[in-house]
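See below for the structure under consideration.
The figures that follow rest on heavy atoms only: side chains count, while hydrogens, waters and symmetry mates do not. None of these values were measured; they are calculated from a predicted model.
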Amino acid sequence: MRKWLLGGLGVLLLLCGGGVAAVTWLLTSGGVDTVGKVAFDRPLKIPPLAESTVDANGTRVFDLTAEPGDSDLGHGRSTRTWGYNGAYLGPTLRAERGQKIKVNVHNRLNEPTTVHWHGMHLPAKVDGGPHHPIPVGGDYQAAWTVDQPAATLWYHPHPSDLTERQVYRGLAGMFIVQDREQDDEQDDLPHEYGVDDIPVIVQDKNFDGGQLSMSDRFLSDIGILGDEILVNGTPAPFLDVRTSLVRLRLLNASTARVYDFTMSDGRPMQLIGTDGGLLSAPYPTETVRLSVGERAEVVVAMRPGERVELRSAPTGLGRFQGGRDAFDVLQLRAKPNQLGAQPNQLKVPQHLADIERLDPSQAAQRRTFTFQGREINDDRMDMDRVDAVVVKDTVEVWSVANGHDTPHSFHIHDVQFQVLSVDGAAPQPELGGWKDTLFLEPGKRYEIIARFADYADPTTAYMFHCHVLRHEDEGMMGQFVVVEKAGDKPKLGHN
């Protein structure tokens, strides 16, 4: 890393004509800071709920078309972008647990793509990883039965080598799973989509001449670090809040940046859910940290007439990981008269969900993975190599470590896991629920546990990888195959 950095600085000196002062500024500046400088002059766009039909077999059918378009991102009305069923981002898909669904995906881009259902428990053949590219002009159909608790998931491209640029250009959307078994808890939480239950898709961008720029700011070793924030594709957004409690479904859909979300006046947020669903009880906190791909559901209490900002504070990471940057993200504006609220919306229920605790003593396997450089256990991605063979319906404990000073974001496909320990200590309450993505702080080791239930397919692999998109494109991925019984061998095929 040190050798690479010095080489990068040498290149910068040449580009700057030996500008030592410029490099000194680069190393010592306070970073980007938009706090107090954002106009908040645009109403927050709410992605529409995706249209669907129900076929003769009772399957709910969605259609998604990945296509180019032009968007107004605050730099004129001609920024070239990509989106699903529109110019930028995509509609919010919503389905119920137990429901059979089918998604028809159409690729109208000029390069191959896939759609990965991030956080979804489903068969490997429809997971949407790099094994099943959709060619230019091609179509793809994914069908499965939704079988997991209520949660905030998302969908995005996952093609080989192209994930960063496709997500950066705008290909992403939210997927909300509802669960009738949790109706009592859900009914006591804000739950009217677009009114008191708000998707908040946060992305950072760089612009050059009004167009999205993928240039690396300040020699970043993690990819693109933008100096402007979009929420749901809206620059400088505000949200008119109409209820005393508002639920924000936070999604870090950036390609590299870590956010430390906080409220401008320091008020606590009630953290009610993480990647895989509701926590067992709300957790009051002043800060919610999300690495790339992580989600969190928070409830914020509002008083009539007030305005308060959702911000991202400096993360404390290194200068070259955006650790000094601070942003105003979204302004919440409460109505000046009495906010409309039902009596059961005046407080967050103290019981949210029953979470089955997986028992590490029942683990069929224990595995160790170290993330370092662009490798996992000293290997880069090879779609012909199986890194782990897992037996269906067994529990495994994985020890996952960040072996150097660059932050990573660990994501595993198909399953939700629980965090057992962080550097040998009990995890903090915000890690007490189901997770599919986990921030790997530099130098730390995390022990997680998961059950690999329901689906076995020796011919198709699931992925685990760093969700910093530049890192995964450069090979920081592995794959595992789930088989029916111990002793079965994988037989990979890529069709």
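- The 12-atom threshold is not exceeded at CD of Glu51, counting heavy atoms of other residues, nucleotides or ligands nearer than 6.0 Å.
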Practice prompt. Decide yes or no on ring pair (Phe, Tyr, Trp, His ring centres under 6.0 Å) for His158 and His465, but give the supporting numbers first.
Written response: CA-CA 11 Å; His158 204 317; His465 57 88; 4.9 Å; yes

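- No side-chain N or O of His116 forms a donor-acceptor pair with one of Thr163 less than 3.5 Å apart.
- Salt bridge annotation for Glu164-Arg470: present, with a cationic side-chain nitrogen under 4.0 angstrom from a carboxylate oxygen.
- Sequence neighbours left out, the pairs with a member in residues 261-285 that pass salt bridge (Lys or Arg N to Asp or Glu O under 4.0 Å) are Asp265-Arg267, Arg267-Glu306, Asp275-Arg295, Asp275-Lys435.
- Using cut-offs of 30° and 60° on the angle between ring planes, the pair His408 and Phe371 is tilted.
- Within 6.0 Å of NZ in Lys100 there are 12 or fewer heavy atoms belonging to other residues, nucleotides or ligands.
- In this structure, His467 and His156 have perpendicular ring planes: the angle between them is above 60°, well past the 30° mark.
- Counting heavy atoms from C-beta outward, Glu294 and Arg289 have side chains that stay 4.5 Å or more apart.
- For the pair Arg42 and Pro235, the minimum side-chain heavy-atom distance is below 4.5 Å.
- With salt bridges taken as basic N to acidic carboxylate O contacts below 4.0 Å, none links Arg333 and Asp240.
- There is no side-chain donor-acceptor pair under 3.5 Å between Glu430 and Thr285.
- With sequence neighbours left out, Arg451 forms a salt bridge (Lys or Arg N to Asp or Glu O under 4.0 Å) with Glu356.
- Shown are Asp147, Thr145, Asp127, Asp454; of these, the side chain to side chain donor-acceptor pair (under 3.5 Å) with His121 is made only by Asp454.
- Neither side chain, Thr81 nor Thr79, offers a donor N or O lying under 3.5 Å from an acceptor on the other.
- Between Tyr462 and Phe452, the distance separating the two ring centers is not shorter than 6.0 angstrom.
- Of the listed residues (Leu469, Leu171, Ile134), just one forms a side chain to side chain contact (heavy atoms under 4.5 Å, CB included) with Pro157, and that residue is Leu171.
- Side-chain contact between Phe410 and Ile448: present, with at least one pair of heavy atoms (C-beta onward) separated by less than 4.5 Å.
- Comment: Arg311 engages Asp328 in a salt bridge, judged by a side-chain N to carboxylate O separation of less than 4.0 angstrom.
- Taking the ring centroids of Phe417 and Trp398, they lie at or beyond the 6.0 Å cut-off.
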